Amino acid sequence: MKDLLIMKFGGTSMGSADRIRVAARISMEQQRQRPVAVVVSAMSKVTDLLLESLLRAEAGDRAGLDANVQKLQDRHVECCHELLPKTKQEPVLAGIHFLISEFQRIANGMMMLADRPPRSADEAVAIGERLAALLMAAYLEAEHIHSVAINASSIIVTDAVFGNATPLMTPTREKARRNLMPWLEGGALPVITGFNGATADGRPTTLGRGGSDFSAAILAAVLDASELWIWTDVDGIMTADPRIVPDAAVLDTVTYAEAAELAYNGAKVLHPRTLAPLADRQIPVWSKNSYALDKPGTRIGMPGNTPGGARAVTSMANVALVSLEAAGAELSGTRLMARALDALTRANAEVLAVSSSSYRQNFCFLVRREELSGVMKALEETLSIELAHGYIRPISVDENVGLLAVVGEGMRGVTGLAGRIFTAISQEQVNIIAITQGSSELTICIVVRRDGLEKAVRAVHTECGLGRRVRETAVP
Ligand code: ADP
Ligand code: ASP
Ligand code: MG
């Protein structure tokens, strides 16, 4: 289909009747010029509420579960009342009640089992996106735009890694052709749930927290869209998280590789896996602010005239550093590393940074804190004999750390930059624990003490001349 535009609206852009109206208006305007498909997140904070409800169900907390379900219902019913004329509300309210009863059915099952099977959790948590899609499609219809709410479990086919599934692009492309294309060809503006999919045999899955960006990218890739626009609550991709660095500036353009490095190293504005399906096909992405429609946003695409030096600084606070050390000559450091990486693969954990010492035959690696218990279990199982025989020292874990990353294609070969960055951090009296540089020279990762992380981010941001004030004064 020629000139297809995919647009994704995040939680805050869908967070109230007013916000849904704005999102719908943006979609309608674009659809006047070309075919459009929309991907939506759950209303802001709904996914957290659903996940917390499931924890309560598992713990047998009936009162807590019921109170949360009531909150969920009130929010969506109220939104429906505010969004739609009275005459159009009834079928939508019925849809909301149906979806909430589905959630209750799953949560009640968990309460009975005192367990939270990942597959059922994925089915339950995607109900937030289904509620949002229902409301948006109903509003578009009320505005006389031919629309339909589509559950992405009928389109996006994934593996069976519940909670963090990976799409299978060939069957997804087939399903998109079958279940989505006819709507677009018929002139409709489909509203598709972000975040979820299903295995080939129909078991519901989700793509990881913040996964609606990834859903939109998957659909853009399989439909060969001409562009993807990701609508959020900031003016685009910035030189740092504006909540940490008030002086952060919006970047006009970034490359796919830069955006991916930023996302993988903690810039929440994009889900880390968003860019891969798009870069392959060179589909341009725009990050835009649904609260400031006059702002152009950031264009993510192929490298052009890359500006020199660093482009942005990111950080991750919820990480842990795991260290392993061989106790003697019985076990080589290389072998220890191989065994440990094997354990990490089995735990389905991602290694964010690695550092090693050949002399001491030790190495340490950084993982997300939420993955730590799975990582430790897998390491202790895999290395149980070595631990029992004392071939390796007890595994040590440091949770009082944070990751800082400096990203920029233009950093390649800039002499002295790393030294300036380390000095800036040290001048803030923040301890540097480990340093790694990706082989692409695109990113320098630095592990620092957790309590100095934000200070270090601000210092590096200033040292690299990334702030708004610096840039504005630099313009002639
Ligand atoms: P959405 O709900 O629209 O998906 P998110 O909350 O997931 O939005 O992502 C947007 C947020 O990402 C912003 O509000 C901002 O605080 C945060 N953020 C972190 N790093 C960056 C960055 N480098 N550029 C822009 N925003 C960032
Ligand atoms: N609603 C999901 C989440 O909060 C997915 C998303 O918003 O992208 O993680
Ligand atoms: Mg997001």
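This structure is a prediction, so every number in the text was calculated from the model and none was measured. The figures that follow rest on heavy atoms only: side chains count, while hydrogens, waters and symmetry mates do not. Atoms within each ligand, like the ligands themselves, are counted from 1 in listed order.
In this structure, the protein non-hydrogen atom closest to atom 13 (C) of ligand 1 is Asp233 OD1, 3.5 Å. When only non-hydrogen protein atoms are considered, atom 17 (C) of ligand 1 lies nearest to Arg243 NH2, 3.6 Å. Ranking protein heavy atoms by distance to atom 2 (O) of ligand 1, first place goes to Gly11 N, 3.2 Å. Looking at atom 25 (C) of ligand 1, its nearest protein heavy atom turns out to be Gly236 O, 3.3 Å. Of the protein's non-hydrogen atoms, Val269 CB, 3.7 Å is the one closest to atom 27 (C) of ligand 1. The nearest heavy-atom contact from the protein to atom 6 (O) of ligand 1 is Lys268 NZ, 2.8 Å.
No part of Ser13 comes within 4.0 Å of ligand 1, judged by heavy-atom distances.
In this structure, Glu399 and Ala320 approach most closely via the heavy-atom pair CG-CB, 4.0 Å. Pro204 and Glu123 get closest at one heavy-atom pair: CG-CB, 3.7 Å. Among all heavy-atom pairs drawn from Pro284 and Tyr256, the shortest one is N-OH, 3.5 Å.
Residue contact check: Ala240 has heavy atoms under 4.0 Å from atoms 22 (C), 23 (N) of ligand 1.
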*Between Glu174 and Arg177, does a salt bridge (Lys or Arg N to Asp or Glu O under 4.0 Å) hold up when you go through it step by step?*
CA-CA 5 Å; Glu174 254 165 52; Arg177 285 230 173 97; over 6 Å; no
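A side-chain donor from one of Gln70 and Asp74 sits under 3.5 Å from a side-chain acceptor of the other. Arg19 and Thr12 are not linked by any side-chain donor-acceptor pair at a separation below 3.5 angstrom, with hydrogens and angles left out of the test. Between the side chains of Asp122 and Thr205, no donor N or O sits under 3.5 Å from an acceptor N or O.
Among Thr314, Leu404, Thr436, the one residue that satisfies the side-chain contact (heavy atoms from CB on, under 4.5 Å) test with Cys445 is Thr436. Of the listed residues (Val191, Ile26, Val39), just one forms a side-chain contact (heavy atoms from CB on, under 4.5 Å) with Phe9, and that residue is Ile26.
Between Asp213 atom CG and Leu270 atom CG the span is 5.5 Å, to the nearest 0.5 Å. Here CG of Asn400 is found 10.5 Å from CG of Asn431. Values are rounded to the nearest 0.5 Å.
In this structure, of Val234, Val254, Asp241, the residue bringing a heavy atom nearest to atom 21 (C) of ligand 1 is Asp241. In this comparison of Ile244, Thr232, Thr314, the heavy atom closest to atom 1 (P) of ligand 1 sits on Thr232. Of the listed residues (His271, Lys8, Lys45, Met238), the one carrying the non-hydrogen atom nearest atom 23 (N) of ligand 1 is Met238.
At a 4.0 Å heavy-atom cut-off, the residues surrounding ligand 2 are Ser41, Thr47, Glu129, Phe195, Arg209, Gly210, Gly211, Ser212, listed by chain and number.
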